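Just so it is clear, the values below take in all heavy atoms, side chains as well, and ignore hydrogens, waters and symmetry mates. Chain identifiers are assigned alphabetically (A, B, ...) following the order of the sequence lines, protein sequences preceding nucleic acid strands; residue numbering begins at 1 within each chain. Predicted model, so just to flag it, every value in this text is computed and none were measured.
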Protein chains: 2
Amino acid sequence: MKLRPRQKRILEFIQEYIDEHDYPPTIREIGAAVGISSTSVVNYNLERLEEMKLIERNREVSRGLRLVKPKDKRGGERVREIPLYGKIAAGKPIPIPDDPETVAENIAVPASLLPTSGEAFALRVEGHSMIDALVNDGDIIVVRSQPEVENGQMAVVEVLEPAELAGVTLKRFYRRDDKIELRPDNPDPSYQPFWVEAEHVRVYGRVESVLRKYS
Amino acid sequence: MKLRPRQKRILEFIQEYIDEHDYPPTIREIGAAVGISSTSVVNYNLERLEEMKLIERNREVSRGLRLVKPKDKRGGERVREIPLYGKIAAGKPIPIPDDPETVAENIAVPASLLPTSGEAFALRVEGHSMIDALVNDGDIIVVRSQPEVENGQMAVVEVLEPAELAGVTLKRFYRRDDKIELRPDNPDPSYQPFWVEAEHVRVYGRVESVLRKYS
DNA sequence: CTTGACAAAGAACATATGTTCCGGCTATAC
DNA sequence: GTATAGCCGGAACATATGTTCTTTGTCAAG
């Protein structure tokens with residue numbers, strides 16, 4: 001079966017309408033846009049399109065139609081939304097937010113910057129302690145959730161004790177037996193590594209990618 | 001204003017419904033799902049949600065509602081595809097590809113990392129000359145196409161003459177009268193700035209953002 | 001030419017769906 | 001207590017919207 005020009009215009013209009021409104025048009029709106037005065041003619045053509053498997057319809061439901069292969073703007077799996085949980089101190093640890101469940105916002109990340117497997121989340125870096133690792137104040141890091149990381153990797157960890165260091169921080173991670181060294185990556189001597197008991201550290205994940213926007 | 005549990009359930013249901021049907025639910029469908037017998041109560045709560053800027057409504061239109069920040073698969077303008085033209089030397093300029101029109105591939109970039117206006121494209125950085133600007137070998141830069149840049153900005157420029165420097169390169173850009181200094185950002189003395197006649201330089205654009213993926 | 005399938009227009013119809021109004025309930029403030 | 005505001009339920013209402021029917025015109029096949 002062949003797609004007639006009027007039917008092609010209907011398809012295009014549906015796509016445009018959904019792009020603009022986030023919901024499909026009515027039969028009458030389609031008619032007005034394509035230049036069809038009768039609702040029955042629109043209905044007729046929608047039936048043809050349905051036969052051709054180009055759209056799906058839910059009968060007796062207003063705006064009950066969808067495109068079978070929507071020309072999705074975000075091209076399938078090329079982008080994912082991950083939660084942006086807030087700020088992380090690259091310098092001194094900062095306390096965990098009271099309610100970690102409340103996600104401030106989501107951020108869209110290209111699939112090419114995401115881990116190939118596993119969950120991921122994002123944080124905004126505050127401070128300059130990882131400057132030598134090319135991570136700066138204001139950058140957004142994408143973190144792959146995982147309970148362990150290898151030595152030398154950039155990791156997001158929570159320090160439980162001692163109290164004066166407690167909080168979540170971004171550091172290079174080195175494990176020696178049951179002690180863990182958290183090392184900043186800044187030549188400035190005001191940034192010093194510190195050691196913590198392994199049992200007092202919880203690893204959230206390792207840094208997978210970095211996003212930076214220049215104002 | 002506080003989000004009441006019933007309103008939260010309404011939001012969640014709208015999201016689920018859209019994910020499943022590709023169009024929004026009716027007031028009555030929301031009521032049935034959330035356990036509200038009266039359409040007026042659903043309407044009332046939708047008005048509250050609209051006040052809180054959590055949804056938008058088109059009155060007198062069936063299913064005329066949308067989530068303001070839809071976790072929707074087709075999240076509108078949140079992502080754009082831009083061409084990834086290939087590699088650029090952060091160190092020595094590299095020749096322009098014979099056919100700049102042939103785009104090797106496209107890359108999806110979140111709108112938050114794109115310039116608010118104008119065209120953009122992406123390049124993969126090769127070399128370490130911009131290491132102090134936190135741009136490293138392998139990073140992808142997003143470039144806003146523009147014919148001029150301000151002094152000190154990181155810019156993608158093409159050098160036409162002299163022949164031994166000809167090519168496209170990534171440098172900090174400084175203009176003094178009719179001469180242009182192209183300055184790398186690496187303390188290593190093997191990276192040296194150089195001066196070129198302004199008429200022998202073509203500016204492609206300035207660096208808008210940086211993406212880095214750790215293997 | 002006649003026939004039948006297809007496309008279309010217009011009108012009438014059925015109902016799906018948003019809107020409005022009224023009353024009741026609960027909690028808090030006065 | 002009373003008063004007020006926020007929230008809810010129910011029903012009547014208006015209309016937005018899909019469905020169906022009849023009629024007309026076109027075009028290719030017989």
Q.
Should the side chain of A/Thr39 and the base of D/dT19 be counted as holding a donor-acceptor pair, with the cut-off at 3.5 Å?
A.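 Side chain to base: pair found, below 3.5 Å.
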Q. Could a donor-acceptor pair under 3.5 angstrom be found where the side chain of B/Thr26 meets the base of C/dG18?
A.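 Flag unset: no donor-acceptor pair detected.
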Q) Any idea which of C/dA9, C/dT19, D/dT17 is nearest the B/Ile27 side chain? A)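 Selected nucleotide: C/dT19.
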Q: Could you work out which one of D/dA11, D/dC21, D/dA16 sits closest to the side chain of B/Ser40?
A: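 Among D/dA11, D/dC21, D/dA16, the one nearest the side chain of B/Ser40 is D/dA11.
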Nearest whole Å is fine: how far is [N] [atom2] from [X] [atom1]?
X	N	atom1	atom2	value
B/Ile36	D/dG10	CD1	P	11 Å
A/Glu56	D/dG18	CD	P	17 Å
B/Arg6	D/dC7	CZ	P	11 Å
B/Ile55	C/dG18	CD1	P	12 Å
A/Asn58	C/dT15	CG	C1'	16 Å
B/Leu46	D/dC7	CG	C1'	14 Å
A/Glu50	D/dG18	CD	P	13 Å
B/Ile30	C/dT17	CD1	C1'	12 Å

Should [X] be listed as having a side-chain N or O under 4.0 Å from OP1 or OP2 of [N]?
X	N	value
B/Tyr44	D/dC7	yes
A/Arg63	D/dG18	no
B/Asn45	D/dC7	no
A/Arg59	D/dT17	no
A/Asn43	D/dG18	no

With a 4.5 Å limit on heavy-atom distance, are the side chains of [X] and [Y] in contact?
X	Y	result
B/Glu208	A/Tyr214	no
A/Arg59	A/Leu65	no
A/Val142	A/Ile82	yes

(Q) Check the orientation of B/His21 and B/Tyr23. Use parallel for under 30°, tilted for 30 to 60°, and perpendicular for over 60°. (A)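 Rings of B/His21 and B/Tyr23: tilted, 30 to 60°.
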Q. Taking NZ, NE, NH1 and NH2 as the nitrogens, is one of them in A/Glu12 or A/Arg9 under 4.0 Å from a carboxylate oxygen of the other?
A.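 Looking at A/Arg9 together with A/Glu12, the answer is no, because their closest N to O distance does not fall below 4.0 Å.
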Q | 5' priority, DNA chain D, between B/Ser62 and B/Ser37 [closest heavy atom] | A |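 Looking at DNA chain D, the more 5' nearest nucleotide goes with B/Ser37.
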